[in-house]
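Some notes on the structure that comes next.
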Amino acid sequence: MGSLQDFWNHYKGAIIGVIIAILILITRLYNLIVAIILIIVGAFVGNYVQQNKEYVKEKIKRLIDRM
């Protein structure tokens, strides 16, 4: 019984993570999670562009000139 307890203590986080991942896949919550992540990333990108307009404009201009 000691080895089972050692196994549980050593891999407890991984086992719980797998169970949560299976529940997310079964309930299709991953679509919601991906949507929330995309919204957050979009907000950060928009804020960065707003705060650094000239720098971003110059970078895009250089990228277009290379093409």
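Note that the coordinates shown come from a computational prediction; the quantities given were computed from them, not determined experimentally. Reckoned from all heavy atoms, side chains included, excluding hydrogens, waters and symmetry mates.
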Please check if Y11 and W8 belong to a single hydrophobic cluster, counting links between Ile, Leu, Val, Met, Phe, Trp and Tyr side chain heavy atoms closer than 4.5 Å.
-> yes
Do V45 and I37 share a hydrophobic cluster (ILVMFWY, side-chain heavy atoms under 4.5 Å, transitive)? yes
Which of I24, N31, L32 passes side chain to side chain contact (heavy atoms under 4.5 Å, CB included) with R28? Answer is N31
Linking I/L/V/M/F/W/Y whenever their side-chain heavy atoms sit closer than 4.5 Å, directly or via other members, would V34 and V41 fall into one cluster? no
Discussion item. Please say yes or no: joined through hydrophobic side-chain contacts below 4.5 Å, possibly via intermediate residues, are I20 and I36 part of one cluster?
Written reply: yes
Across all chains, not counting sequence neighbours, the ring-ring contact (aromatic ring centres under 6.0 Å, His included) partners of Y30 are none
The reported gap from CD in E58 to NZ in K61 (rounded to nearest 0.5 angstrom) is 6.0 Å
Rounding to 0.5 Å, atoms CD (Q5) and NZ (K12) come to a distance of 10.0 Å
In terms of hydrophobic clustering (I, L, V, M, F, W, Y; side-chain heavy atoms under 4.5 Å; direct or indirect links), are L38 and F44 co-clustered?
no
Is there a side-chain contact between F7 and I15 (heavy atoms, below 4.5 Å)?
yes
- request: Please confirm whether the backbone N or O of Y48 pairs with a side-chain atom of N52, one donor and one acceptor, at under 3.5 Å?
  value: yes
